[in-house]
Amino acid sequence: MANFQVDTEQHGELNCWRITSDHAELLIAQQGAQVLSYQRIGEPPLLWLSDQAIFRQGKSVRAGAPVCWPWFGIFERNPDSVKAMFKGGQAPAHGLVRGRDWQLLGVEEAGDTLRIEFALPEALGDLPGWPHEVELKLVVELGQQLKLTLTSYNLGNTDVTLSQALHSYFAVSDVRQVQVEGVDGLAYIETLANWEQRQQQGNLGFAGETDRIYVNAPERLAIVDPHWNRRITLQAGGSRTAVIWNPWSERARELPDMADDGWQRMLCIETANVLDDVVVLKPGASHAMSVAIGSEAL
Ligand code: TA6
């Protein structure tokens with residue numbers, strides 16, 4: 001049985017919870033139900049929190065695992081079926097839920113796992129410009145690994161189509177030294193070259209700005225980090241898309257919430273449903289997308 005301690009903390013304008021167990025530490029903000037950091041005791045952090053993070057209401061924190069929903073990325077780049085769901089004006093990047101306060105439904109211990117459940121009641125018809133009724137929940141499970149499960153349950157009487165992502169920021173020793181395993185042979189969309197489709201050869205290493213959408217991704221991906229003698233493992237569920245992003249030096253300088261050299265210490269691998277992998281929910285249907293994050297020595 002693990003010992004869990006839950007403390008409330010204020011970071012700037014945001015209410016947060018710090019959860020400590022014998023083997024890990026987790027920080028979660030109420031806004032966006034956003035996991036801000038995750039670290040196993042005796043290891044460098046697994047999820048990265050920017051040194052220059054801004055903790056402000058309405059603004060997603062550059063950290064952890066923001067939830068992108070009910071669309072991913074630039075709205076205009078989404079399929080028509082996703083765009084047709086939005087009846088509003090200006091559509092923010094990465095959807096409508098990462099800058100809103102979620103409701104904490106409960107914290108429950110089950111064996112050596114702590115289960116924290118959040119819901120966003122506004123998704124039941126009160127999101128601006130998005131008049132659909134979806135029960136949206138995020139369950140965070142802290143055990144030997146960290147597992148995040150985002151569930152959308154269509155309670156309305158018409159189909160709902162959405163794209164989404166758990167936009168995870170992983171902590172690495174130096175992005176120029178790491179490789180992503182599990183992508184060899186996959187087709188990907190190179191968003192930095194006019195969204196051309198290309199094919200990955202071998203593992204993915206990093207030598208410049210990267211922003212790619214890997215299609216038909218396997219359930220298991222990993223980041224190999226030789227300097228930290230660590231492999232970060234990702235086990236996805238309900239997702240066939242992995243988005244891999246690093247802004248590199250020039251773009252990082254444009255981001256007010258990232259240090260000029262912050263890009264060296266992070267790598268996003270986002271468990272997602274985008275493009276042909278969007279989620280179509282019939283009335284009464286639900287979909288769960290998840291990622292379990294762990295690590296092992298090399
Ligand atoms: O997932 C990659 C991406 O869509 C990039 O294009 C990049 O802009 C990033 O997400 C961060 O977006 P944000 O709105 O959080 O600054």
Side-chain angles (χ1 to χ4, degrees), residues 2 4-6 9 11 16-29 32-51 53 60-68 112-116 138-150 165-183 203-204 206 210 217 219-237 239 242-246 258-259 262-272 289-298:
F4 293 103
Q5 188 179 329
V6 182
E9 277 181 17
H11 287 257
C16 301
W17 293 275
R18 185 175 297 278
I19 294 143
T20 15
S21 77
D22 302 337
H23 44 77
E25 191 169 275
L26 187 67
L27 183 66
I28 309 182
Q34 187 178 346
V35 171
L36 296 177
S37 67
Y38 168 49
Q39 180 161 22
R40 288 168 139 189
I41 309 296
E43 263 186 48
L46 274 159
L47 289 178
W48 180 81
L49 167 62
S50 170
D51 297 341
S60 175
V61 183
R62 184 81 53 205
V67 174
C68 307
D112 62 357
T113 300
L114 192 73
R115 188 175 186 278
I116 307 148
L138 182 78
V139 173
V140 178
E141 287 167 288
L142 179 66
Q144 287 306 318
Q145 299 201 334
L146 176 70
K147 186 173 182 192
L148 307 179
T149 306
L150 183 68
L166 293 163
H167 195 303
S168 314
Y169 287 80
F170 292 95
V172 294
S173 61
D174 183 336
V175 74
R176 294 164 293 192
Q177 308 293 331
V178 306
Q179 290 211 328
V180 178
E181 291 177 336
V183 289
N203 290 342
L204 173 64
F206 299 88
T210 304
E219 286 182 347
R220 193 184 144 99
L221 295 173
I223 301 170
V224 180
D225 189 337
H227 281 217
W228 281 352
N229 186 36
R230 176 167 86 171
R231 174 181 282 107
I232 300 177
T233 57
L234 289 77
Q235 179 78 31
S239 150
V243 182
I244 302 187
W245 178 60
N246 182 286
M258 190 182 281
W263 60 275
Q264 296 172 15
R265 298 185 289 277
M266 54 70 66
L267 174 62
C268 284
I269 300 187
E270 304 153 40
T271 303
M289 180 180 74
S290 63
V291 62
I293 296 163
S295 66
E296 55 196 38
L298 292 181

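The structure displayed is predicted, hence computed values, not measured ones.
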Once rounded to the nearest 0.5 Å, what's the spacing between atom [atom1] of [X] and atom [atom2] of [Y]?
X	Y	atom1	atom2	value
Thr20	Leu27	OG1	CG	10.5 Å
Ile269	His167	CD1	NE2	12.0 Å
Ile293	Ile232	CD1	CD1	8.5 Å
Lys147	Leu142	NZ	CG	13.5 Å
Arg62	Leu49	CZ	CG	12.0 Å
Asn229	Ser295	CG	OG	10.5 Å

Side chain to side chain, [X] and [Y], heavy atoms closer than 4.5 Å:
X	Y	result
Glu181	Arg231	yes
Leu26	Leu114	no
Val180	Leu267	yes
Asn203	Val224	no
Phe170	Leu47	yes
Cys268	Trp48	no
Asp112	Asp22	no
Trp17	Ile116	no

Tell me the closest heavy-atom pair linking [X] and [Y], and the distance in Å.
X	Y	answer
Ser239	Met289	CB-CG, 4.0 Å
Leu138	Ala33	CD2-O, 3.3 Å
Leu298	Asp225	CD1-O, 3.8 Å
Ser60	Gln34	OG-OE1, 3.7 Å
Tyr38	Ala24	CE1-CB, 3.9 Å
Arg265	Ala259	NH2-CB, 4.3 Å

- Message: Please evaluate residues Leu166 and Val67 with respect to the criterion side-chain contact (heavy atoms from CB on, under 4.5 Å), reporting the C-alpha separation (whole Å), side-chain torsions for both, the decisive distance (0.1 Å), and the verdict.
- Response: CA-CA 5 Å; Leu166 293 163; Val67 174; 4.1 Å; yes

- Message: Tell me if a side-chain donor or acceptor on Arg40 pairs with a main-chain N or O of Gln144 at a distance below 3.5 Å.
- Response: yes

- Item | Flag, side chain of Arg230 to backbone of Pro44, donor-acceptor distance under 3.5 Å | yes

- Message: Working note: Phe206 + Gln264, criterion side-chain contact (heavy atoms from CB on, under 4.5 Å); need CA distance, chi angles, decisive distance, verdict.
- Response: CA-CA 10 Å; Phe206 299 88; Gln264 296 172 15; over 6 Å; no

- Message: Among Leu46, Val172, Leu204, which residue satisfies the side chain to side chain contact (heavy atoms under 4.5 Å, CB included) criterion with Ile223?
- Response: Val172

- Criterion side-chain contact (heavy atoms from CB on, under 4.5 Å) on Gln145 and Gln235, from CA distance to verdict: CA-CA 10 Å; Gln145 299 201 334; Gln235 179 78 31; 5.5 Å; no

